[in-house]
Each structure stands twice: as structure tokens, then as C-alpha cells.
2 protein chains.
Amino acid sequence: MTTRRTGLREQKKQATREALREAALRLALERGLENVRVDDIAEAAGVSPRTYNNYFSSREQAIVAAVTAEREARVAAAVAARPDVGLAEAVVEAIVEQYTDPGESHRDALLLITARPALREAFVETAGAVEHPLADVIARRLGDTDAHTPRVLAASVAAAIRVALHAWVQPSAATSGLVVLSGSLPDLLRAALSPLAPALDAAEQRAQQ
Amino acid sequence: MTTRRTGLREQKKQATREALREAALRLALERGLENVRVDDIAEAAGVSPRTYNNYFSSREQAIVAAVTAEREARVAAAVAARPDVGLAEAVVEAIVEQYTDPGESHRDALLLITARPALREAFVETAGAVEHPLADVIARRLGDTDAHTPRVLAASVAAAIRVALHAWVQPSAATSGLVVLSGSLPDLLRAALSPLAPALDAAEQRAQQ
DNA sequence: AACAAAAGTTGCGGGTACGCAAGTTTGCGC
DNA sequence: GCGCAAACTTGCGTACCCGCAACTTTTGTT
């Protein structure tokens, strides 16, 4: 059901995408970012360099995708799994849940990302990927009152996540020169999302009338 | 005071930037987008190709900048000019005012932009430029209660503008090749911004206590 | 089983983007 | 005025990105 296009073809595509992600991250961790050519990643994944660009439109995308893969869909699912609380709470909790690193699996990857400005930017921009899935799930909750509202709310939530991630990966002047992941990401996310709560709840109120 | 760095140097930089914008737009209108090289724009503006990329990081940026130049600062000023109405109303009216094309000066430019996907995307992305000026002016209205709130609200407003622009430049169902600008941009902007009004006003309420 | 259409991969070619280091211009204190 | 430091420009070299057209693989139909 969730796999709309079933079949061997889609399977291979996902496998290739994952192979590229993994190869990109592994090579970047092993050699450092500037010692990894797109050609290297493609070769390690067993495809041509041209094919690499059919999957990722920049070198950084593949690396950050290894960390953020599938997160977007999980956020939407986590919102859908909270039908009994208000929209604002459902969204906030779903996001906090999914953006909180469950394990240490990617800790070194995150250190690499935070150390490199180009990767930081790409990482922060991944917040935009939640927009479409989130808009869909919000639209389902609100009903078909207005086509624009879910998109605007989802885009705003994505923007708030971007602000939080930006603050998180920023080597904060306050703490020190050392790149410590500043503050708790859950707290940053809650703080960034809280100004949007009135908008989310107001939309829900209007929809339920 | 607004011209932080005064002097001949800054003057020349702005002149170069404007020359590049104008050259890019003029050439694109004269020859069509794909018959304009970055080298051509640089030559027409009297600088080296390398210098072009010191000012704009993509070919499309220069062209859309000719239409959107300075808009961001004007939006912030227009918000500041409305201290007597609620924050939501001030923001919405300021944006509608500044995004409503005052003249026909750029009508043909907008037709070019809407016709080309790459330019459409670059144009829609210019909405992000209002974020920082808008965050500043919102922060001034709210006081220094919370550093995150103004940024989140500004980012959300920028996201809403992006949604509205996206809907505006989208070639409507009538696909005779001719792109009719679908709907009224002011109406689209009001519709996209209205879901954020509760968030803006709630932030202001909290700040005034 | 065979075939045609749809989808994906690949090499090629040309344009774009940017780090770097050398050269030039501007700002500013003396 | 003088000269130095900072800022800007430029050429070069390298890598990236993507349209295109030819080729291969998968899918669905008869």
C-alpha cells in the first residue's frame, strides 16, 4: 500500500540510492570531504558518475541523506499516529520524536557535518523535505476546507525546523570555540515550533466548525 | 546610517551589481534564456566572468534579481511604517503592498520568468530573502523576549510568500503554451498569509504583557 | 512467448561554479 | 602627499551539473 510502485525496478532504485548514500558517507568519513570526488562515490556504489547525478543533484546531498533518509515520511506517520491530541501538539511531538537521534550511530557523521559549512547548509536544508508529506497529513486532518492552509502550515513548520537545526549546528559563540553540539535539539525544536502553535490550533478550530 | 559602509568602494560595488542585473535581464529578453552565456552578461557589464560569480552564484539569480531587487528592505520598512495596527495586519499589508507590481515595467520580464522552469524556481526562492530583514523588524516590535520567535515567524512568512508565488507562477490548466498569470497575486498572498495571523498576533500578545 | 512501451543507465559535450594566488584599487592614519 | 593594509578583480585550473541521444532493462499486453 505504501509502496505504490511495486516491482523489481523500484527495488533496484532504492538499493542504488542507498548504496550511493552509504558510499558517500563512508568515503567522506574515511578521507575527509575534499578528498572525495563524485566519481569515487559512483565507483564505490557501482554506477556511472552520470547516474549519481540522476539521484542526487549535489555532492553534499548524498552525504546528508545518509543521516536524514526517510525521516520525512516517519514524521508524517508520527503525526497521523496522534489523532487524539491537538494538531499543534501532534506535530511538535512527532517532530521531536523523529529528530531526536535514537542512537549514536551517526554521531561521527554529525561531527563531520557540523564541521563543514557546505555540509551544514545541506543538512539544514533537509528540513524542507518534510514539507510535502507533512502538508498531506495536515490536509487530511483539516479536511478539504482550503487548499492553501495545509501547505502554508507545513512550510512554516519546515521553516521552524530549519531555524532550530541552524541554531543547533552553529558553533555557538556563547559556549566556546569548540564545536559542541549546542543545547538539546529537542528543546530547540520545541522552542522554535512553539510560536506556530496558535496558527496550527486556529486552523484546526476553524476546520472543525 | 542605513549605508553602513559609505565610500567610493561600496558605490562601485552596487553599480556593478546593478549593471550585472540589468545586463542579464536585457540579454535574456532580447535573445532568450538559452542564448545568454554568463560570459555575455559579464562582458555587457564590463567585468570578468569570474567577477560575475562573486556577485551571483547562479545565472538565474542575476535575472530575477533585476525584478526583485531591494524588495526585501522595502518590505521591512513597510512593516515598520505600520506601528498602529496589529502585527499580523502590518505584515500582511506591507507584503501585499510591496509585492504588487506598481507598474508594468517588468511585465515582459515576468512573462519570461514564468515561461522558464529554472527562472520560476529562482524567482520563487527570492521569497527567502525577506527573512532576515523581516526578522529584524519583528524583533524590534516584540522586544527581546525570545530570540527564536522573530526568526521563526519571519521564516514562516517567507515560506507563505513562497507558497503564494509558487501558485502564481504555475502555468494554469490552460496549456496553450501561453502562460497567463493565474489569479490575483494580492489575493494569493492574503490567502497564504492568513493562516499565520494567529501566530503573529499571539506572539505580539505575549510580548505586550 | 513475444513484443512494444515505459523507465533507467550511460557516455559525451559544454556550460557553470568556485578555490586559489597574483595583481590592482580604495581607504585611512600618519 | 605617502604608504600600508584591506578589499576587490581577474585568470587559471578543476570539478560539478545537466541536456541529449543511444542503449539496456523492466513491465504489461496480446
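Everything quoted here is computed from the prediction, not taken from an experiment. Within every chain, numbering begins at 1; the chains are lettered A, B, ... in the order of the sequence lines, protein sequences first and strands thereafter.
Among the candidates B:Leu119, B:Leu110, B:Thr114, B:Leu185, the single residue satisfying the side chain to side chain contact (heavy atoms under 4.5 Å, CB included) test with B:Val169 is B:Thr114. A salt bridge (charged side-chain N to carboxylate O under 4.0 Å, His left out) with B:Arg116 holds for exactly one of B:Glu34, B:Glu121, B:Glu60; it is B:Glu34.
Side-chain atoms of A:Arg50 and base atoms of D:dG19 include a donor and an acceptor less than 3.5 Å apart.
Panel note: side chain A:Asp40, backbone A:Arg37; a donor-acceptor pair is recorded below 3.5 Å. Between the B:Arg59 side chain and the B:Leu33 main chain, a donor and an acceptor come within less than 3.5 Å of each other. Using a distance-only test at 3.5 Å, with no hydrogens or angles considered, no donor-acceptor pair links the side chain of B:Arg21 to the main chain of B:Ala62.
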Pair B:Tyr55-B:Gln61, side-chain contact (heavy atoms from CB on, under 4.5 Å): steps then yes or no
CA-CA 9 Å; B:Tyr55 283 86; B:Gln61 264 191 22; over 6 Å; no

Any chance you could lay out the salt bridge (Lys or Arg N to Asp or Glu O under 4.0 Å) test for A:Arg26 and A:Glu30, step after step, and finish with the verdict?
CA-CA 6 Å; A:Arg26 182 175 57 80; A:Glu30 284 176 9; 3.2 Å; yes

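Within residues 32-49 of chain A, the residues approaching DNA chain C are A:Val47, A:Ser48, by heavy-atom distance under 4.0 Å. Taken residue by residue, residues 53-66 of chain A places heavy atoms nearer than 4.0 Å to DNA chain C at A:Asn54, A:Tyr55.
Atom NZ in A:Lys12 sits roughly 16 Å away from atom C1' in C:dA6 (whole-Å rounding). To the nearest angstrom, C1' of D:dG11 lies 19 Å from OH of B:Tyr52. Taking atom CD of residue B:Gln14 and atom C1' of nucleotide D:dC8, one finds them 14 Å apart after rounding to whole Å. Per the geometry, CD belonging to B:Glu10 stands 12 Å off P belonging to C:dC28, to the nearest Å. Rounded to an integer number of Å, the gap from B:Arg9 CZ to D:dA5 P is 15 Å.
For A:Glu43, the CD atom counts as loosely surrounded, since its 6.0 Å shell holds 12 or fewer non-hydrogen atoms of other residues, nucleotides or ligands.
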